[in-house]
Amino acid sequence: MSSQMPTEPVLQWYAENARDLPWREASATPWSILVSELMLQQTPVVRVLPVWREWMGRWPTPAALAAEPSGEAVRAWGRLGYPRRALRLHACAVAITERHGGRVPDDHDTLLALPGVGAYTAAAVASFAFRQRHAVLDTNVRRVLARLRTGVEYPPKAATRAETKLAETLLPADAETAATWAVAVMELGALVCTARSPRCADCPVIDQCAWYLDGKPPYDGPPRRGQTYAGTDRQCRGRLLAVLRETSGPVEKPALDVVWSDAVQRERALDGLIADGLVDPLEDGRYALPR
DNA sequence: GATGCGTGGCG
DNA sequence: TCGCCAAGCAT
(Lines give C-alpha, C1' and ligand atoms only; values in the text may rest on other atoms or scores of the structure.)
Protein backbone atom coordinates (compact mmCIF):
# COMPACT_ATOMS: atom_id res chain seq x y z
CA MET A 1 0.00 0.00 0.00
CA SER A 2 1.14 3.55 -0.64
CA SER A 3 1.76 5.79 2.33
CA GLN A 4 -0.88 8.20 3.50
CA MET A 5 -1.35 11.22 1.26
CA PRO A 6 -1.11 14.67 2.88
CA THR A 7 -3.59 16.26 0.48
CA GLU A 8 -6.79 16.44 2.52
CA PRO A 9 -5.37 17.67 5.84
CA VAL A 10 -3.28 20.31 4.07
CA LEU A 11 -6.26 21.53 2.04
CA GLN A 12 -8.36 21.78 5.17
CA TRP A 13 -5.61 23.57 7.04
CA TYR A 14 -5.30 26.04 4.17
CA ALA A 15 -9.04 26.70 4.13
CA GLU A 16 -8.85 27.67 7.78
CA ASN A 17 -5.49 29.43 7.96
CA ALA A 18 -4.66 31.03 4.62
CA ARG A 19 -3.64 34.68 4.72
CA ASP A 20 -5.87 37.17 2.94
CA LEU A 21 -3.44 38.25 0.24
CA PRO A 22 -4.79 40.52 -2.50
CA TRP A 23 -3.33 38.49 -5.35
CA ARG A 24 -5.38 35.52 -4.10
CA GLU A 25 -8.70 37.33 -4.26
CA ALA A 26 -11.27 36.54 -6.94
CA SER A 27 -10.66 39.99 -8.43
CA ALA A 28 -6.99 39.20 -9.07
CA THR A 29 -6.04 39.04 -12.74
CA PRO A 30 -3.34 36.97 -14.44
CA TRP A 31 -1.37 40.20 -14.77
CA SER A 32 -1.70 41.11 -11.10
CA ILE A 33 -0.68 37.57 -10.20
CA LEU A 34 2.32 37.68 -12.52
CA VAL A 35 3.40 40.98 -10.98
CA SER A 36 3.07 39.53 -7.48
CA GLU A 37 5.18 36.52 -8.41
CA LEU A 38 8.02 38.61 -9.82
CA MET A 39 7.96 40.84 -6.74
CA LEU A 40 7.90 37.87 -4.38
CA GLN A 41 11.04 36.34 -5.85
CA GLN A 42 13.41 36.43 -2.86
CA THR A 43 11.36 39.16 -1.17
CA PRO A 44 9.03 38.79 1.86
CA VAL A 45 5.26 39.28 1.47
CA VAL A 46 5.04 42.17 3.92
CA ARG A 47 7.44 44.24 1.89
CA VAL A 48 5.76 43.41 -1.41
CA LEU A 49 2.21 44.33 -0.38
CA PRO A 50 2.37 48.16 -0.55
CA VAL A 51 4.42 48.21 -3.74
CA TRP A 52 2.14 45.70 -5.43
CA ARG A 53 -0.91 47.84 -4.56
CA GLU A 54 0.73 50.92 -6.00
CA TRP A 55 1.67 49.10 -9.19
CA MET A 56 -1.80 47.69 -9.68
CA GLY A 57 -3.38 51.10 -9.21
CA ARG A 58 -0.99 52.68 -11.65
CA TRP A 59 -0.55 49.87 -14.18
CA PRO A 60 -3.63 47.63 -14.07
CA THR A 61 -2.79 46.05 -17.42
CA PRO A 62 0.41 45.03 -19.23
CA ALA A 63 -0.31 47.70 -21.85
CA ALA A 64 -0.36 50.42 -19.20
CA LEU A 65 3.10 49.50 -17.98
CA ALA A 66 4.43 48.92 -21.49
CA ALA A 67 3.48 52.50 -22.38
CA GLU A 68 5.88 53.89 -19.77
CA PRO A 69 9.67 54.13 -19.82
CA SER A 70 11.33 51.17 -18.09
CA GLY A 71 12.88 53.64 -15.67
CA GLU A 72 9.47 54.33 -14.21
CA ALA A 73 9.20 50.66 -13.30
CA VAL A 74 12.63 50.85 -11.67
CA ARG A 75 11.63 53.94 -9.71
CA ALA A 76 8.32 52.44 -8.59
CA TRP A 77 10.15 49.29 -7.55
CA GLY A 78 11.35 51.21 -4.51
CA ARG A 79 13.44 49.20 -2.10
CA LEU A 80 12.18 45.73 -2.97
CA GLY A 81 15.70 44.75 -3.99
CA TYR A 82 17.05 43.03 -7.10
CA PRO A 83 15.84 45.89 -9.34
CA ARG A 84 16.60 43.93 -12.49
CA ARG A 85 13.25 42.32 -11.74
CA ALA A 86 11.57 45.66 -12.39
CA LEU A 87 13.24 45.81 -15.77
CA ARG A 88 12.17 42.25 -16.52
CA LEU A 89 8.60 43.00 -15.49
CA HIS A 90 8.55 45.95 -17.83
CA ALA A 91 9.95 43.73 -20.59
CA CYS A 92 7.20 41.22 -19.77
CA ALA A 93 4.61 43.96 -20.22
CA VAL A 94 6.08 44.91 -23.59
CA ALA A 95 6.25 41.30 -24.78
CA ILE A 96 2.71 40.54 -23.62
CA THR A 97 1.41 43.68 -25.30
CA GLU A 98 3.27 43.18 -28.56
CA ARG A 99 3.25 39.42 -28.92
CA HIS A 100 0.23 38.20 -26.96
CA GLY A 101 -2.45 40.77 -27.63
CA GLY A 102 -2.11 42.31 -24.19
CA ARG A 103 -3.14 39.13 -22.39
CA VAL A 104 -0.90 37.13 -20.10
CA PRO A 105 -0.35 33.77 -21.84
CA ASP A 106 -1.90 30.75 -20.13
CA ASP A 107 0.53 28.21 -21.54
CA HIS A 108 3.42 27.10 -19.32
CA ASP A 109 6.07 27.10 -22.04
CA THR A 110 4.95 30.48 -23.35
CA LEU A 111 5.12 31.90 -19.85
CA LEU A 112 8.59 30.42 -19.48
CA ALA A 113 9.76 32.41 -22.49
CA LEU A 114 8.89 35.72 -20.80
CA PRO A 115 11.72 37.75 -19.23
CA GLY A 116 12.25 36.97 -15.57
CA VAL A 117 9.93 33.98 -15.68
CA GLY A 118 11.66 30.73 -14.78
CA ALA A 119 10.43 27.26 -13.91
CA TYR A 120 8.86 28.30 -10.63
CA THR A 121 7.11 31.46 -11.83
CA ALA A 122 5.75 29.82 -15.00
CA ALA A 123 4.25 27.00 -12.96
CA ALA A 124 2.93 29.40 -10.32
CA VAL A 125 1.13 31.64 -12.82
CA ALA A 126 -0.27 28.67 -14.76
CA SER A 127 -1.49 27.20 -11.50
CA PHE A 128 -2.69 30.25 -9.53
CA ALA A 129 -4.04 32.33 -12.39
CA PHE A 130 -5.24 29.65 -14.80
CA ARG A 131 -5.94 26.82 -12.37
CA GLN A 132 -3.81 24.32 -14.23
CA ARG A 133 -2.12 21.25 -12.84
CA HIS A 134 1.59 21.91 -12.30
CA ALA A 135 4.19 21.04 -9.69
CA VAL A 136 4.97 24.42 -8.14
CA LEU A 137 8.35 24.09 -6.48
CA ASP A 138 9.45 27.13 -4.56
CA THR A 139 11.68 27.29 -1.49
CA ASN A 140 8.70 26.74 0.84
CA VAL A 141 7.42 23.68 -0.98
CA ARG A 142 10.89 22.20 -1.32
CA ARG A 143 11.40 22.53 2.42
CA VAL A 144 8.01 21.00 3.26
CA LEU A 145 8.60 18.04 0.97
CA ALA A 146 12.16 17.56 2.27
CA ARG A 147 10.86 17.23 5.81
CA LEU A 148 7.59 15.45 5.12
CA ARG A 149 8.81 12.79 2.70
CA THR A 150 12.61 12.76 2.68
CA GLY A 151 13.07 13.23 6.40
CA VAL A 152 15.72 15.95 6.25
CA GLU A 153 15.56 19.47 7.65
CA TYR A 154 16.51 21.28 4.45
CA PRO A 155 16.37 20.50 0.73
CA PRO A 156 19.52 20.60 -1.42
CA LYS A 157 20.69 24.02 -2.61
CA ALA A 158 19.58 23.45 -6.19
CA ALA A 159 16.32 21.72 -7.07
CA THR A 160 16.91 18.13 -8.12
CA ARG A 161 15.12 15.81 -10.49
CA ALA A 162 14.06 13.74 -7.49
CA GLU A 163 12.30 16.71 -5.93
CA THR A 164 10.36 17.40 -9.11
CA LYS A 165 9.34 13.76 -9.38
CA LEU A 166 8.22 13.76 -5.75
CA ALA A 167 6.19 16.93 -6.23
CA GLU A 168 4.52 15.47 -9.30
CA THR A 169 3.72 12.28 -7.43
CA LEU A 170 1.91 14.25 -4.74
CA LEU A 171 -0.03 16.42 -7.19
CA PRO A 172 -3.79 15.73 -7.10
CA ALA A 173 -5.20 14.45 -10.39
CA ASP A 174 -7.88 17.12 -10.70
CA ALA A 175 -6.51 20.43 -11.98
CA GLU A 176 -8.54 22.71 -9.72
CA THR A 177 -7.63 20.64 -6.67
CA ALA A 178 -3.99 20.58 -7.77
CA ALA A 179 -3.95 24.36 -8.03
CA THR A 180 -5.30 24.76 -4.50
CA TRP A 181 -2.92 22.10 -3.23
CA ALA A 182 0.01 24.00 -4.73
CA VAL A 183 -0.76 27.24 -2.93
CA ALA A 184 -1.70 25.36 0.23
CA VAL A 185 1.66 23.57 0.55
CA MET A 186 3.42 26.85 -0.13
CA GLU A 187 1.41 28.55 2.61
CA LEU A 188 2.14 25.71 5.01
CA GLY A 189 5.84 26.25 4.41
CA ALA A 190 5.51 29.99 4.87
CA LEU A 191 3.49 29.91 8.09
CA VAL A 192 4.19 26.60 9.87
CA CYS A 193 6.99 24.59 8.30
CA THR A 194 9.36 27.53 8.40
CA ALA A 195 13.12 27.42 7.91
CA ARG A 196 14.28 28.58 11.34
CA SER A 197 11.73 27.59 13.98
CA PRO A 198 9.03 25.33 12.54
CA ARG A 199 5.77 25.31 14.47
CA CYS A 200 5.31 21.56 14.35
CA ALA A 201 2.56 21.70 16.98
CA ASP A 202 0.39 23.53 14.46
CA CYS A 203 1.16 21.21 11.55
CA PRO A 204 -1.78 19.34 10.01
CA VAL A 205 0.45 16.50 8.76
CA ILE A 206 2.81 16.07 11.69
CA ASP A 207 1.59 12.47 12.06
CA GLN A 208 3.13 11.64 8.70
CA CYS A 209 6.20 13.90 8.71
CA ALA A 210 9.31 11.78 8.16
CA TRP A 211 11.58 14.42 9.69
CA TYR A 212 9.47 14.90 12.83
CA LEU A 213 8.91 11.17 13.34
CA ASP A 214 12.67 10.66 13.15
CA GLY A 215 13.24 13.13 15.97
CA LYS A 216 13.93 16.18 13.78
CA PRO A 217 17.58 15.38 13.04
CA PRO A 218 19.52 18.60 12.44
CA TYR A 219 20.78 19.54 9.00
CA ASP A 220 23.82 17.50 8.09
CA GLY A 221 24.93 18.77 4.67
CA PRO A 222 27.47 21.33 3.54
CA PRO A 223 27.25 24.81 5.11
CA ARG A 224 24.29 26.80 3.81
CA ARG A 225 25.30 29.86 1.89
CA GLY A 226 26.08 32.97 3.81
CA GLN A 227 25.87 35.94 1.52
CA THR A 228 27.87 38.80 2.90
CA TYR A 229 26.63 42.20 1.90
CA ALA A 230 28.45 45.03 3.59
CA GLY A 231 31.11 46.43 1.32
CA THR A 232 30.06 44.46 -1.73
CA ASP A 233 29.37 45.65 -5.24
CA ARG A 234 25.75 44.82 -4.54
CA GLN A 235 25.56 47.30 -1.71
CA CYS A 236 27.33 49.88 -3.84
CA ARG A 237 24.91 49.35 -6.72
CA GLY A 238 22.03 49.73 -4.31
CA ARG A 239 23.36 53.05 -3.05
CA LEU A 240 23.90 54.40 -6.56
CA LEU A 241 20.50 53.37 -7.84
CA ALA A 242 18.81 54.77 -4.74
CA VAL A 243 20.13 58.22 -5.66
CA LEU A 244 18.52 57.96 -9.09
CA ARG A 245 15.25 56.61 -7.72
CA GLU A 246 14.94 59.43 -5.25
CA THR A 247 15.73 62.17 -7.76
CA SER A 248 13.10 63.21 -10.27
CA GLY A 249 15.43 63.95 -13.16
CA PRO A 250 19.00 63.19 -14.29
CA VAL A 251 21.76 63.57 -11.69
CA GLU A 252 25.27 64.96 -11.90
CA LYS A 253 28.17 62.60 -11.34
CA PRO A 254 29.18 64.12 -7.97
CA ALA A 255 25.77 63.19 -6.58
CA LEU A 256 26.67 59.57 -7.23
CA ASP A 257 30.27 59.88 -6.07
CA VAL A 258 29.31 60.93 -2.56
CA VAL A 259 27.49 57.73 -1.70
CA TRP A 260 30.54 55.43 -2.03
CA SER A 261 34.11 56.33 -1.14
CA ASP A 262 36.02 53.62 -3.03
CA ALA A 263 36.23 55.10 -6.53
CA VAL A 264 37.38 51.90 -8.22
CA GLN A 265 34.53 49.88 -6.83
CA ARG A 266 32.10 52.72 -7.44
CA GLU A 267 32.96 52.94 -11.14
CA ARG A 268 32.78 49.19 -11.51
CA ALA A 269 29.34 49.13 -9.93
CA LEU A 270 28.12 52.01 -12.06
CA ASP A 271 29.36 50.29 -15.20
CA GLY A 272 27.49 47.19 -14.10
CA LEU A 273 24.27 49.13 -13.63
CA ILE A 274 24.68 50.64 -17.09
CA ALA A 275 25.42 47.24 -18.62
CA ASP A 276 22.27 45.88 -16.97
CA GLY A 277 20.19 48.71 -18.43
CA LEU A 278 19.31 50.07 -15.01
CA VAL A 279 21.15 53.35 -15.54
CA ASP A 280 21.35 55.48 -18.67
CA PRO A 281 24.54 57.57 -19.15
CA LEU A 282 23.46 60.77 -20.88
CA GLU A 283 25.56 62.56 -23.48
CA ASP A 284 25.94 65.58 -21.23
CA GLY A 285 27.67 63.48 -18.57
CA ARG A 286 24.69 63.12 -16.29
CA TYR A 287 22.98 59.87 -15.36
CA ALA A 288 19.32 58.91 -15.43
CA LEU A 289 16.94 56.02 -15.08
CA PRO A 290 16.36 54.42 -18.50
CA ARG A 291 13.77 55.54 -21.01
C1' DG B 1 26.51 24.00 -11.71
C1' DA B 2 28.28 27.98 -9.36
C1' DT B 3 27.75 33.03 -9.10
C1' DG B 4 25.93 37.54 -8.95
C1' DC B 5 22.16 40.11 -7.98
C1' DG B 6 19.18 44.18 -2.89
C1' DT B 7 17.10 44.84 1.16
C1' DG B 8 15.57 44.50 5.79
C1' DG B 9 13.90 41.85 9.77
C1' DC B 10 14.51 38.44 13.11
C1' DG B 11 16.41 34.78 16.50
C1' DT C 1 25.48 41.41 17.35
C1' DC C 2 25.26 39.28 12.97
C1' DG C 3 24.43 35.35 10.16
C1' DC C 4 20.46 33.54 8.11
C1' DC C 5 16.57 33.93 5.48
C1' DA C 6 12.69 35.73 2.16
C1' DA C 7 6.99 32.85 -3.61
C1' DG C 8 14.33 32.82 -8.21
C1' DC C 9 16.38 34.05 -12.52
C1' DA C 10 20.01 34.59 -15.93
C1' DT C 11 24.49 33.63 -17.30
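Just so we're clear, the structure is a prediction, and the values are computed from it rather than from any experiment. We name chains A, B, ... by the order of the sequence lines, and we start the count at 1 in each one. Only this structure's heavy atoms are used, side chains among them; waters, hydrogens and symmetry mates stay out.
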Between P of dG9(B) and CZ of Arg79(A), the distance in whole Å: 10 Å
Option from Trp52(A), Trp55(A), Trp31(A), Phe128(A) for which ring pair (Phe, Tyr, Trp, His ring centres under 6.0 Å) with Trp23(A) holds: Trp52(A)
Distance-only polar pair, side chains of Arg234(A) and Tyr82(A), donor-acceptor under 3.5 Å: yes
Separation of atom CD in Glu37(A) from atom C1' in dG8(C), rounded to whole Å: 11 Å
Residue-phosphate contact under 4.0 Å: Gln42(A) side-chain N/O, dA6(C) OP1/OP2: no
Spacing between Arg143(A) atom CZ and dC4(C) atom C1', to the nearest angstrom: 12 Å
Side-chain-base donor-acceptor pair under 3.5 Å for Thr43(A) and dG6(B): yes
Length of the line joining Leu80(A):CG and dG6(B):P, which is rounded to integer Å: 12 Å
P atoms of dG1(B) and dA6(C), separation to the nearest Å: 22 Å
Sugar-phosphate, base or nothing in reach of Ala195(A), heavy atoms under 4.0 Å: sugar-phosphate
Whole-Å gap separating P (dC5(C)) and NZ (Lys157(A)): 10 Å
Parallel, tilted or perpendicular: rings of His108(A) and His134(A) (30°, 60°): parallel
Pair Thr180(A)-Arg131(A), side-chain donor/acceptor within less than 3.5 Å: yes
Nearest-Å distance for atom pair CG/P, residues Leu241(A) and dG6(B): 8 Å
OP1 or OP2 of dT7(B) under 4.0 Å from side-chain N/O of Arg245(A): yes
Greater than 12 external heavy atoms within 6.0 Å of Arg19(A)'s CZ: yes
Euclidean distance for P, dC10(B) against dA7(C) (whole angstrom): 15 Å
Filtered N/O pairs between nucleotides 9-11 of chain C and protein, under 3.5 Å:
residue: dC9(C); atom: OP1; partner: Gly118(A); partner atom: N; Å: 2.8
residue: dC9(C); atom: OP1; partner: Gly118(A); partner atom: O; Å: 3.4
residue: dC9(C); atom: OP1; partner: Thr121(A); partner atom: N; Å: 3.0
residue: dC9(C); atom: OP1; partner: Thr121(A); partner atom: OG1; Å: 2.7
residue: dC9(C); atom: OP2; partner: Tyr120(A); partner atom: N; Å: 3.4
residue: dA10(C); atom: OP1; partner: Gly116(A); partner atom: N; Å: 2.7

No-hydrogen, no-angle side-chain donor-acceptor test under 3.5 Å, Glu252(A) and Tyr287(A): no
Ser197(A) vs Leu278(A), nearer the 5' end of DNA chain B by closest nucleotide: Leu278(A)
Side-chain-base donor-acceptor pair under 3.5 Å for Arg196(A) and dC5(C): no
List the atom pairs, with distances to 0.1 Å, where a side-chain N or O of residues 209-218 of chain A and a protein N or O form a donor-acceptor pair under 3.5 Å, not counting sequence neighbours.
residue: Trp211(A); atom: NE1; partner: Pro217(A); partner atom: O; Å: 2.8

Side chain of Pro44(A) (C-beta onward), nearest among dA6(C), dT7(B), dA7(C): dA6(C)
Whole-angstrom distance between dC4(C) and dT3(B), as gauged at atom P: 16 Å
Side-chain donor/acceptor of Arg47(A) to base of dT7(B), under 3.5 Å: yes
Whole-Å gap separating P (dG6(B)) and CH2 (Trp77(A)): 12 Å
N/O (side chain, Tyr229(A)) to phosphate O (OP1/OP2, dT7(B)) under 4.0 Å: yes
Ser127(A) side-chain N/O to Ala124(A) backbone N/O, donor-acceptor pair under 3.5 Å: no
Length of the OH-P vector between Tyr82(A) and dG6(B), whole Å: 7 Å
Phosphate OP1/OP2 of dC5(C): any Tyr154(A) side-chain N/O under 4.0 Å: yes
Touch class at under 4.0 angstrom, heavy-atom based, for Leu21(A) against every strand present: base
